[in-house]
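Read the structure below first, then the notes.
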Amino acid sequence: MVASSAPGKLILMGEHAVVFGQPAIATAISLRLKCKISPSSGFSVNGEPLSDRYHPYISSAVRKAWGSEPIAIDIASEMPSSSGLGSSAAVTVAVLAALSQMRGQFSEKNVASKGFEVESEVQGRASPIDTSTCTHGRGIFIDRTPAPDMLWEIERDTRRWFIHHCDVPEMDIVVGYTGVVARTGPLVAKVKHFADRSRFGMEIIEEIGSLTLEGLDKLKKGDRVALGGLMTKNQKLLAVLGVSSPEIDRLIKVSLPYSYGAKLTGAGGGGSMIALTDHAKEVSEAIRKRGGTPIVVRTGAKGVTVDTK
Ligand code: PMV
C-alpha cells in the first residue's frame, strides 16, 4: 500500500491573470488531503466504482499515470470541495504521487507536470499554479521569465510558466467559505471571453500582474500592511473581471475593519475569500455572523509526501 498526502493551497495574488501568463503567488496551507492506494479486485474510490463523472480528476490521473491493474483509492480531505482551497489540485497531486511511487517514478517535477495535464483536461483551461503549489508546498511564484530559484517550467500552446520557490513566511490567514459552489472552468472561460473581446479586459489582467509583482516585493520584505493593501486592490480588479460574487463581497466587507487586506482566492464566483490579519478571532466572528464559514489556516505548509507501507 502507498499513502500520500498533499496540502491545500491559497492563491495570495494573481489568480485568473496567471492563466494568461501573468505572475502569481500561492502558498500551501495547513489543511491536507490524504490518499491511500492498494491493489484490489476493481477500480474504486472510497468503496464506490471509479467514474469519470463523479471522480473526474482521479480518473484522469489514473489514465495518465497507471495501467490496467485494478486499485482501491481512499481519499480523506480536510478541505471543502469547490471552496477555492485547492481540493481538486490536492487530490490530483496526491493520487499522482502515490501512483508514480508505485511505479518507482516519483519526482516532484513529474507530479507537477502531470497534475497540470489533469487539471487542463478536466477544467478545459488552467494554469499550473494549483498543482505546482500542492506538489512543492511552502510558496510558489509563477513568472514569465526564469530566475535562479526556478523549480520547473511548464508550457502549453503558446503559454509558458516558470515556477519558482518563494519563501512565504508562516502567517495566519482567515478563509471565509461562502458555501456557494462555483466551478473553475466556466469562470476561467468567462474571463477569457472578456479578455478576447475587449482591450480593457486585457488591461485589467495586466494590471493584476503588476500588482502581483509589487506584492512579491512586500512579501519578501515581510510588509504585511502593504501586502494586504495590494490584495484588496487585486480584489477590486477581480470584481471588474466579473469573478467576485455578492457573498464574497459581503464577507470581505465585514473582514476589512480587522484586516490588512482581503480578497477572493481561487476561481471566485462563490468559493472562498481570504483575509490577512492579526485578529483572526474578530475576523472569524464577523464572517460567521455574515453567514460564511471561517477557517483559520497557516501558510507555508510542506508539499506532497509519499510513504510505502
Ligand atoms: O480552482 P481554483 O478555485 O483553485 O482556482 C484556480 C485559479 C485560476 O487562476 C482561476 C485558474 C487556474 O488554473 O489558474
Side-chain angles (χ1 to χ4, degrees), residues 1-9 26 28-29 31-137 154 156 181-188 266-267 271 301 303-309:
M1 196 249 292
V2 172
S4 60
S5 137
K9 67 97 211 358
I29 55 171
L31 303 178
R32 297 189 80 83
L33 177 139
K34 290 189 176 140
C35 164
K36 281 184 199 155
I37 304 188
S38 25
S40 179
S41 53
F43 282 93
S44 67
V45 176
N46 292 348
E48 300 292 328
L50 173 65
S51 98
D52 273 357
R53 179 157 178 211
Y54 296 111
H55 318 111
Y57 293 93
I58 301 176
S59 297
S60 170
V62 168
R63 272 196 299 277
K64 290 194 194 312
W66 193 243
S68 55
E69 312 91 309
I71 43 176
I73 302 174
D74 282 296
I75 303 289
S77 175
E78 295 171 346
M79 289 152 271
S81 66
S82 301
S83 61
L85 298 183
S87 62
S88 48
V91 78
T92 302
V93 163
V95 169
L96 286 171
L99 294 176
S100 48
Q101 174 80 353
M102 287 160 88
R103 286 264 185 265
Q105 293 165 347
F106 173 77
S107 78
E108 279 195 3
K109 188 177 172 193
N110 178 23
V111 168
S113 95
K114 281 216 169 68
F116 172 59
E117 286 172 29
V118 168
E119 283 223 323
S120 304
E121 186 180 296
V122 177
Q123 283 172 207
R125 192 176 151 89
S127 81
I129 192 163
D130 288 12
T131 38
S132 282
T133 310
C134 294
T135 305
H136 177 66
I154 291 185
R156 191 170 188 89
V181 172
R183 288 193 305 124
T184 301
L187 288 152
V188 169
V304 69
T305 60
V306 270
D307 183 15
T308 307
K309 301 203 167 149

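Just so you know, residue 1 is the first one in the sequence shown, and it goes up from there.
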*So does K34 pair up with D307, basic N to acidic O under 4.0 Å?*
no
_Nearest non-hydrogen partners of V306 and S4, listed with the distance_ = CG1-CB, 3.7 Å
*Is a side-chain donor or acceptor of K9 paired with a backbone partner of S87 at a separation under 3.5 angstrom?*
no
*Does the side chain of L33 reach to within under 4.5 Å of the side chain of V93, using non-hydrogen atoms?*
no
*Starting from the C-alpha separation in whole Å, work towards a yes-or-no answer on side chain to side chain contact (heavy atoms under 4.5 Å, CB included) for T305 and R32.*
CA-CA 11 Å; T305 60; R32 297 189 80 83; 4.2 Å; yes
*Does atom CZ of R103 have more than 12 heavy-atom neighbours from other groups under 6.0 Å away?*
yes
*Are the side chain of S120 and the backbone of F116 linked by a donor-acceptor contact shorter than 3.5 Å?*
yes
*With side chains defined as the heavy atoms from C-beta onward, is the minimum distance between E69 and P39 less than 4.5 Å?*
no
*A89 backbone acceptor or donor facing T131 side chain under 3.5 Å*: no
*What is the minimum heavy-atom distance between I154 and A112, and which atoms define it?*
CD1-O, 4.0 Å
*Does a donor on one side chain and an acceptor on the other come within less than 3.5 Å for T184 and Q123?*
no
*asked:* Under a 4.0 Å threshold between the charged nitrogen and the carboxylate oxygen, would R53 count as salt-bridged to E48?
replied: no
*asked:* Between S100 and A97 (side chain of the first, backbone of the second, donor and acceptor by atom type, cut-off under 3.5 Å), is there such a pair?
replied: yes
*Under a 4.5 Å cut-off applied to non-hydrogen side-chain atoms, are V122 and T92 in contact?*
no
_Side chain proximity check, S77 to V91, heavy atoms < 4.5 angstrom_ = no
*For residues F106 and T308, determine if any side-chain heavy atom of one lies less than 4.5 Å from a side-chain heavy atom of the other.*
no
*Got a donor-acceptor contact below 3.5 angstrom from the D130 side chain to the G86 backbone?*
no
